[in-house]
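These notes concern the structure reproduced below.
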Amino acid sequence: MIAGVDYPVERIVLLTGAGVSAESGLSTFRDSGGLWENHDPMEIATPEAFARDPALVYRFYNARRNQLQQVAPNAAHCDIARLQAEFPGEVFLVTQNVDDLHERGGSPQVCHMHGELQRMLCLACRESFTARQDYDSSSRCPGCRAPGALRPDIVWFGEIPYQMDTIESQLRNCDLFIAVGTSGVVYPAAGFVRQARAAGAMTIEINREASEVSSFFQQQRCGCATSEVRSLVEELLAD
Ligand code: APR
């Protein structure tokens, strides 16, 4: 039984951020040494930046896509997948991460609200496709063959995240909301805790340190994702 939860939990929404992949060796965005310490997000992660300097944006995402080959899922990814497989109720996993470590950790369902590193989007035919190689301004769409129309299928600043209708409906119906390894700086994800509470859900945050939205959670578990997710999953599966 989870302290503070005196009803049978049936529907969980679990939100992850860059902190869940940190122990796999992927940099977060805002920690010391994080990706946005060395790069100005406004020069990389906006449609305007891509229009201004596509070569820089292609290079940034090519490097990050290549880095994915060097890393593996960690215990937190695997324990979340175990919860999804073994919990008798529903576990809806929504991630801000664009890596594929949840899938490689065994998660049967992952909602990538900020897109995926291993997908490209064609601005000519609007198709999104699996992408594992490097891209540049001369790359052709494998579907419509248009040259120079491909962009990373990543939700950039100023764009609307994917699957918001589904996510909001899950938040309205959940009875437990868990956030793991996210700084609570970027909206709409940073607002999910308040939406879940408005729906009457219990809320638990796992983070190495206090986030921008820690005060909205009823329970904070301070520590590394690998150890804290393990304990929480064991508690939930023991119920
Ligand atoms: N265990 C738990 N938490 C950790 C760990 C760890 N091992 N390592 C880091 N953290 C926490 C940090 O304390 C921080 O609060 O993870 C959080 C990472 O925060 P950010 O770097 O801001 O990442 P995130 O919240 O996922 O960013 C949101 O911002 O620019 C974007 O689109 C990008 O999806 C990203 C969004």
Side-chain angles (χ1 to χ4, degrees), residues 13-50 57 60-61 63-65 67-68 71-80 93-102 105 110-119 121 151-164 167 177-193 203-217 219-233:
V13 173
L14 201 158
L15 168 71
T16 61
V20 83
S21 296
E23 289 164 83
S24 291
L26 292 181
S27 296
T28 64
F29 294 93
R30 296 175 181 79
D31 290 309
S32 141
L35 287 168
W36 295 154
E37 195 171 276
N38 299 317
H39 302 275
D40 176 354
M42 294 304 130
E43 301 294 323
I44 302 273
T46 68
E48 295 75 21
F50 184 56
V57 177
F60 177 81
Y61 288 103
R64 293 188 61 208
R65 194 176 307 110
Q67 195 190 13
L68 278 189
V71 300
N74 65 48
H77 298 107
C78 299
D79 286 331
I80 289 169
L93 174 60
V94 49
T95 186
Q96 298 166 90
N97 298 346
V98 294
D99 65 51
D100 62 346
L101 294 181
H102 281 304
V110 190
C111 170
H112 279 278
M113 63 179 292
H114 288 172
E116 294 176 64
L117 265 180
Q118 296 189 128
R119 295 191 76 81
L121 176 67
R151 60 163 275 182
D153 196 355
I154 301 283
V155 176
W156 284 327
F157 288 101
E159 298 183 318
I160 298 168
Y162 290 136
Q163 298 190 57
M164 283 309 295
I167 297 167
F177 174 74
I178 303 165
V180 183
T182 175
S183 56
V185 170
V186 174
Y187 283 80
F192 291 174
V193 58
T203 53
I204 301 177
E205 176 178 64
I206 291 178
N207 201 306
R208 259 188 352 194
E209 58 194 32
S211 75
E212 286 294 309
V213 292
S214 286
S215 60
F216 295 106
F217 287 85
Q219 201 176 106
Q220 286 101 29
R221 298 183 174 210
C222 186
C224 285
T226 46
S227 55
E228 294 302 322
V229 169
R230 169 72 46 90
S231 317
L232 181 57
V233 166

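Indexing begins at 1, ligand by ligand and atom by atom, following the structure's order. Every value quoted in this text rests on a predicted model; they were computed, and no experiment measured them.
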Would a 4.5 Å heavy-atom cut-off, applied to side chains only, mark [X] and [Y] as touching?
X: Val20; Y: Ile80; value: yes
X: Gln96; Y: Leu15; value: yes
X: Phe192; Y: Met113; value: yes
X: Cys224; Y: Arg208; value: yes
X: Thr16; Y: Leu93; value: yes
X: Ile178; Y: Arg221; value: no
X: Ile167; Y: Tyr162; value: no

Nearest non-hydrogen contact with [atom] belongs to which option: [options]?
atom: atom 35 (C) of ligand 1; options: Trp156, Phe29, Tyr187; answer: Phe29
atom: atom 31 (C) of ligand 1; options: Glu23, Arg30, His114; answer: Arg30
atom: atom 8 (N) of ligand 1; options: Met113, Arg208, Glu209, Glu228; answer: Arg208

Within a distance under 4.0 Å of any heavy atom of [X], pick out the atoms of ligand 1 and give their elements.
X: Ala22; answer: 8 (N)
X: Gly181; answer: 3 (N), 16 (O), 17 (C), 18 (C)
X: Trp36; answer: 30 (O), 31 (C)
X: Phe157; answer: 30 (O)

Please determine if [X] has a nitrogen or oxygen closer than 3.5 Å to a nitrogen or oxygen of ligand 1.
X: Asn97; value: no
X: Ala225; value: yes
X: Asn207; value: yes
X: Val186; value: no
X: Ile206; value: no
X: Gly17; value: no

* To do: Could you tell me whether the side chains of Glu23 and Asn74 share a donor-acceptor contact shorter than 3.5 Å?
  =>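 Glu23 vs Asn74: no donor-acceptor pair found between side chains.
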* To do: Examine the side chains of His102 and Ser21 and answer whether a donor and an acceptor come within less than 3.5 Å of each other.
  => no
* When His114 is tested against each of Ile154, Asp153, Val98, Thr95 for side-chain contact (heavy atoms from CB on, under 4.5 Å), which residue passes? ->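 That would be Val98.
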So which heavy atom in the protein is nearest [atom], and how far is it from that ligand atom?
atom: atom 20 (P) of ligand 1; result: Ser183 OG, 3.6 Å
atom: atom 10 (N) of ligand 1; result: Gly19 CA, 3.6 Å
atom: atom 23 (O) of ligand 1; result: Ala18 CB, 3.5 Å
atom: atom 28 (C) of ligand 1; result: Gln96 OE1, 3.3 Å
atom: atom 9 (C) of ligand 1; result: Asp31 OD2, 3.3 Å
atom: atom 25 (O) of ligand 1; result: Thr182 OG1, 2.7 Å

* Between Phe50 and Trp156, what is the ring plane arrangement, given parallel below 30°, perpendicular above 60°, and tilted in between? -> tilted
* Asked: Under a heavy-atom criterion of less than 4.0 Å, does Cys224 contact ligand 1?
  -> yes
* Asked: Strictly under 4.0 Å, does any heavy atom of Gly223 approach an atom of ligand 1?
  -> yes
* To do: Give, for atom NE2 of His112 and atom CG of Asp99, the distance between the pair rounded to the nearest 0.5 Å.
  =>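 Reported value, rounded in 0.5 Å steps: 7.0 Å.
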* side-chain hydrogen bond (donor to acceptor under 3.5 Å, both in side chains) partners for Glu159, two or more places apart ->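 Glu159 satisfies side-chain hydrogen bond (donor to acceptor under 3.5 Å, both in side chains) with Arg151 once adjacent residues are dropped.
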